[in-house]
Amino acid sequence: YESHRWYEGPHQHPYALAPNHQLWTTEVNDALLLGKGMIVAEGEAYRYHERFKRAYISDSYVTQQCQRQPRVVDGPVISSIQPHTYSYCHFVFEALPKIVACRERYPDAYIAYDDQPFAHQFLDILGVPKALRIPLKHDSVPLKCRRLIYTNGLDAQDMATHVMGMIRKQ
């Protein structure tokens with residue numbers, strides 16, 4: 001693990017979620033997914049969302065998590081976690097659209113999400129099998145993902161009206 005950096009890699013598979021806003025997915029092989037949603041790959045922590053600031057995820061958090069024995073997941077994993085998606089509003093407007101959009105392209109992928117009762121209920125409604133769910137807390141053991149699928153960050157303030165229409169269709 002070296003210092004954090006912003007991820008500048010290629011984005012693939014755009015999903016139009018709102019006018020002038022697209023959801024982009026990116027795949028990373030052999031990555032660690034930490035409980036707060038931080039991704040560590042190729043020895044670096046990826047700050048793929050502008051809210052991943054040191055106040056939310058400190059260098060010491062990343063270092064400590066990287067020293068733990070990870071849980072290995074061989075199948076593809078979709079990460080819906082970003083800062084604050086452990087709260088209801090952020091989950092509904094930021095994590096849930098990622099899950100809906102990514103499940104269209106990766107229907108058999110595991111879903112890593114914040115371990116909250118409302119999240120379990122939404123996944124029930126979406127028909128996500130329990131065997132494909134990986135609930136995470138901030139202090140969860142990191143996941144070693146052979147293939148990790150993540151998206152650009154969404155902002156609840158921008159997405160509310162557009163996301164509600166997409167959720168209702170499901």
Side-chain angles (χ1 to χ4, degrees), residues 1-7 9 23-103 105-154 156:
Y1 162 72
E2 296 176 14
S3 62
H4 299 323
R5 72 178 174 94
W6 293 97
Y7 182 63
L23 180 67
W24 295 88
T25 62
T26 303
E27 295 182 24
V28 179
N29 293 323
D30 295 319
L32 276 181
L33 177 63
L34 309 184
K36 289 187 176 184
M38 178 67 82
I39 297 166
V40 179
E42 299 172 4
E44 295 186 302
Y46 288 56
R47 291 177 178 272
Y48 68 95
H49 191 286
E50 63 274 7
R51 284 194 229 145
F52 281 128
K53 299 192 168 94
R54 280 187 166 71
Y56 182 72
I57 297 183
S58 66
D59 287 339
S60 63
Y61 170 81
V62 175
T63 301
Q64 289 170 359
Q65 290 295 317
C66 287
Q67 293 171 351
R68 298 175 73 188
Q69 184 67 34
R71 172 184 168 193
V72 177
V73 183
D74 286 322
V77 177
I78 298 166
S79 175
S80 67
I81 302 171
Q82 68 182 53
H84 312 295
T85 51
Y86 54 83
S87 72
Y88 184 84
C89 177
H90 287 277
F91 181 84
V92 169
F93 294 115
E94 296 170 358
L96 197 54
K98 293 178 184 189
I99 294 168
V100 171
C102 289
R103 291 241 329 134
R105 182 164 181 83
Y106 307 97
D108 298 324
Y110 293 95
I111 297 176
Y113 63 97
D114 288 285
D115 189 7
Q116 296 293 335
F118 54 81
H120 299 285
Q121 292 170 348
F122 276 110
L123 294 177
D124 286 343
I125 292 168
L126 292 174
V128 176
K130 289 186 179 9
L132 294 179
R133 300 179 191 186
I134 304 175
L136 296 176
K137 294 183 180 286
H138 288 179
D139 61 351
S140 291
V141 170
L143 297 180
K144 175 70 173 176
C145 305
R146 300 290 180 223
R147 185 168 152 219
L148 179 64
I149 301 145
Y150 69 95
T151 70
N152 57 307
L154 298 178

With sequence neighbours left out, write down each residue that passes ring-ring contact (aromatic ring centres under 6.0 Å, His included) with Y110, or none if nothing qualifies. none
With sequence neighbours left out, what residues match R68 under side chain to side chain donor-acceptor pair (under 3.5 Å)? Q65
On a heavy-atom basis, which atom in Y113 and which in A119 lie closest, and how many Å separate them? CD1-CB, 3.7 Å
Residues two or more places apart in sequence or in another chain: which of them pass side chain to side chain donor-acceptor pair (under 3.5 Å) with D115? H120
CD1/I149 to SG/C102 distance, rounded to the nearest 0.5 angstrom? 7.0 Å
Taking every non-hydrogen atom, the tightest pair across L132 and P107: CD1-O, 4.0 Å
Please test D124 against R133 for salt bridge (charged side-chain N to carboxylate O under 4.0 Å, His left out), starting from the C-alpha separation and ending with a verdict. CA-CA 10 Å; D124 286 343; R133 300 179 191 186; 2.7 Å; yes
Between the SG atom in C89 and the CD atom in E94, the distance rounded to the nearest 0.5 Å is 7.5 Å
Distance col, row L33:CG vs S79:OG, nearest 0.5 angstrom, shows 4.5 Å
List the residues meeting side-chain contact (heavy atoms from CB on, under 4.5 Å) with D139, not counting sequence neighbours, and say none if there are none. K137
How would you list, by chain and number, every residue that makes a side-chain contact (heavy atoms from CB on, under 4.5 Å) with R146, sequence neighbours excluded? D30, V72, D74, K144
If you define the side chain from C-beta out and look only at heavy atoms, does anything of C66 sit under 4.5 Å from T63? no
Close side-chain approach of L126 and L96, heavy atoms under 4.5 Å: yes
Give the minimum heavy-atom separation between V141 and L136, together with the two atoms involved. O-CD2, 4.4 Å
Are any of the side-chain heavy atoms of R71 and I134 separated by less than 4.5 Å? yes
What class does the angle between the rings of F122 and Y88 fall in, given that below 30° is parallel, 30 to 60° is tilted and above 60° is perpendicular? tilted
In short, P70 meets L32 closest at the heavy-atom pair CB-CD2, 3.7 Å
As an exercise, state the distance from CG of D114 to OG1 of T85, rounded to the nearest 0.5 Å. 3.5 Å
Can you tell me how far apart CD1 (I81) and OG (S140) are? Round to the nearest 0.5 Å. 8.0 Å
Do the side chain of S80 and the main chain of A112 share a donor and acceptor less than 3.5 angstrom apart? yes
Do L148 and T26 have side-chain heavy atoms sitting under 4.5 Å apart? no
L34 versus H138: any side-chain heavy-atom pair under 4.5 Å? no
Residue list, side-chain contact (heavy atoms from CB on, under 4.5 Å) with A109, at least two apart or on another chain: P76, I78, Y106
With ring centroids as reference points, do F91 and Y86 lie under 6.0 angstrom apart? no
